[in-house]
Q: 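Take a look at this one; I'll ask things after.
Reminder, nothing fancy here: chain letters follow the sequence lines and each chain counts from 1. Note that the coordinates shown come from a computational prediction; the quantities given were computed from them, not determined experimentally. Side chains included, hydrogens not; waters and symmetry mates left out as well; all remaining heavy atoms used.
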There are 2 protein chains.
Amino acid sequence: MQQKNKHELNPRVSADIVIFGFDFNQLKVLLIERENLDATEGMSQALPGDLIYENEDLYMAASRILNELTGLNNIYLEQVGAFGDPNRLNKEQDKLWLKSVRQQPDERVITVAYYSLVNLNDYVPQASSFAKSTSWIPLNEIAELAFDHSKILSKALQKLKDKIMMQPIGFNLLPEKFTFSQLHKLYESILGRELDKRNFRRKMLKLKLVESLDEKQEGVPHKPSRYFKFNEENYNRLIENGYDNFGF
Amino acid sequence: MQQKNKHELNPRVSADIVIFGFDFNQLKVLLIERENLDATEGMSQALPGDLIYENEDLYMAASRILNELTGLNNIYLEQVGAFGDPNRLNKEQDKLWLKSVRQQPDERVITVAYYSLVNLNDYVPQASSFAKSTSWIPLNEIAELAFDHSKILSKALQKLKDKIMMQPIGFNLLPEKFTFSQLHKLYESILGRELDKRNFRRKMLKLKLVESLDEKQEGVPHKPSRYFKFNEENYNRLIENGYDNFGF
DNA sequence: ATAGCTATGTGTCAAAAGTACACTTTGCGA
DNA sequence: TCGCAAAGTGTACTTTTGACACATAGCTAT
C-alpha cells in the first residue's frame, strides 16, 4: 500500500474560453473587463472562465460557461489545452484582484482552455456571475491580458488557424446564408493574410463546400451578391475520404 | 465577497504520457503492465503517469515522469490535452486496482496527457515507483487500455500524424545517423499508409532536411545504404519562412 | 435618364507540385 | 560467379497553385 505523498497537488480547476466572433469585417474575442485595484487605476481584460464543478465534465463546464455568457447552446467548442504554471496567477495586479473575489486567492488553479466559434447574430448578452461586464474586442486591438490569458489566446488562435486549413469550421462564425466576400473576409481575418479572391472562390466551389441560393442581397449600393450556404453533406464526404488540407 | 461554492471541484491532477519509439520497423508505445484483480485474472495495460506535485509545472511533471521511466532528458514532449470525465476511472477493473494502490481511490483525477518521441537506442529501462513492469508494445498490437487511456492514445497519435505533416519531428525517433529507408519506414508507420519511395526521397532532398554522410552501412547482405543526418539549420529556415505542409 | 460608384463575378496561362511507375546497382553469401 | 535483397535513380503525365484585369448589376446623386 503506497503512502499518500503530501506534496501531491490538489488544485482547483477552471475552464477559460476564447470566444471568437466575426462581424463580417474582423475577428473579435469576447473578453471580460476588470477594474484594476492597484495604482494603475486602469482597466484590464481577461478571458471568461469559471471553476469547474464536481461531477462536471471539462467540456460540459466550458459549454456551461459559454451558455451563461452568450445564451447559446450546441456551439462549436474545442479544447486548446491545460495551463498549469504554478505562477500563472501571480502577477501583482492579478493577485490583488483575486483577493477581492475569492476566499482562497493563493490556491493553485489549473485551467483547461477552450475556444469556440459563435455567430454574432445569435449572441445575446447575458448577466453572468463571473463576468460583470463583457465586450467584443477586435483581435488586433487586444492588449496584454490578465493572468496567462495572452498565452492562451495566442495558442487558441494558432489552433484555429491550423484547423481552418483542415476543416471548414469557419461556417460556425457565419449565419446560415452569407455572401462569398463575407466568407472570403472571414478566412483572411483568421489567417491574417490576404487570399486571392478568384482562387479562393475556385477552391470553395471545386470542393463543393458552399452552394448558391436563389437569393440576392437587397439594398446594397453596388451589384448585389448572391447568397450561399454551407453544404454539410459534401463536407462530410470530404472528411470521410481523408481530405486533409485546403492549401490556401 | 463571493462565497466559495461547495460544489467546486478540488481534484487530483496527473500527467500521463504516450511515449513513442521506433525500432526501424514499427512504431511502439511504452506501456505499464498491470495484473487484473477481478475474475478475469488477465493482464491489462495502461499509459505511464503520475500525480503532479505542488509547485510543479505540467510540462515539468511530464518530463519528470518521462525521465523516471526512460532515464532520458530533454526529450520531445508535447501536450495532447486534458481529460477530465468524472467517470474516467470508474470501470470496475480500474476501481479495484486503484483501491489496492491509493488511499483515496474515489477521488476525482483529471489528467493532462503528453506524447513524446524517444530514440529507442538511448532508452535504458528504469526501476520506477509508478511502473513496476513496462514494455514497448507495437501500435497495432495494443488492445483496449485501462481507464480512458485508449482515448488518450488515439488522440496522441492523431496529433502526431498532424504534426509530422507540418514539422519534421520524426527525427526525434531516430538516431543521429540513419538510412533513407529507415526514415521512409518511420513516416509510413506514423501515417499508417504507404508512401512512394522515390517521391518521398525527392521531397526530403528538395527541402534539404537530410544530408548525406560519407558513411555506408556495413555487413548487410545487400547494397549498403548511405547514412544521412537531419539538417537542423535548413529546418529552422523552413519554419521561419512560413513553410507549413509536407504534402505527402 | 444618365453617369458614376462600388463591390460582384468571372477565365487563362505558366509554374510548381503531386503521382505513378521499373530497372540498374552494390555488396554479401552460397 | 551467380543469386539475392535492398538501395538508388528519372520521366511523363496530371493536378494544383498563383498571378493577374475587366465587364457587370444595382443603387445613388444630379
Q: Roughly, in whole Å, what's the span from CZ in B:Arg198 to P in D:dT9?
A: 12 Å
Q: Below 6.0 angstrom between ring centroids: does that apply to B:Tyr227 and B:Phe178?
A: no
Q: Taking atom types as they are modelled, would you say the side chain of B:Lys197 forms a donor-acceptor pair with the base of D:dG8 within the 3.5 Å cutoff?
A: yes
Q: Can you find a side chain N or O atom of A:Ser225 that sits less than 4.0 Å from OP1 or OP2 on C:dA7?
A: no
Q: How many Å lie between CZ on A:Arg201 and C1' on C:dT10, as a whole number?
A: 8 Å
Q: Mind calculating the distance between CZ (B:Arg202) and P (C:dC21) to the nearest angstrom?
A: 14 Å
Q: If you round to the nearest 0.5 Å, how far is OG of B:Ser150 from CG of B:Leu145?
A: 4.0 Å
Q: May I have the distance from B:Phe200 (atom CZ) to C:dC21 (atom C1'), rounded to whole angstrom?
A: 19 Å
Q: Heavy atoms under 4.0 Å, any strand shown: does A:Lys216 hit a base, just sugar-phosphate, or nothing?
A: sugar-phosphate
Q: Starting at atom CG of B:Asp196, determine the distance to atom C1' of C:dG18, rounded to an integer number of angstrom.
A: 10 Å
Q: Do B:Glu233 and B:Arg237 meet the salt-bridge criterion of a basic N to acidic O distance under 4.0 Å?
A: no
Q: Could you check how far CE of B:Met204 sits from P of C:dA17, rounded to whole Å?
A: 15 Å
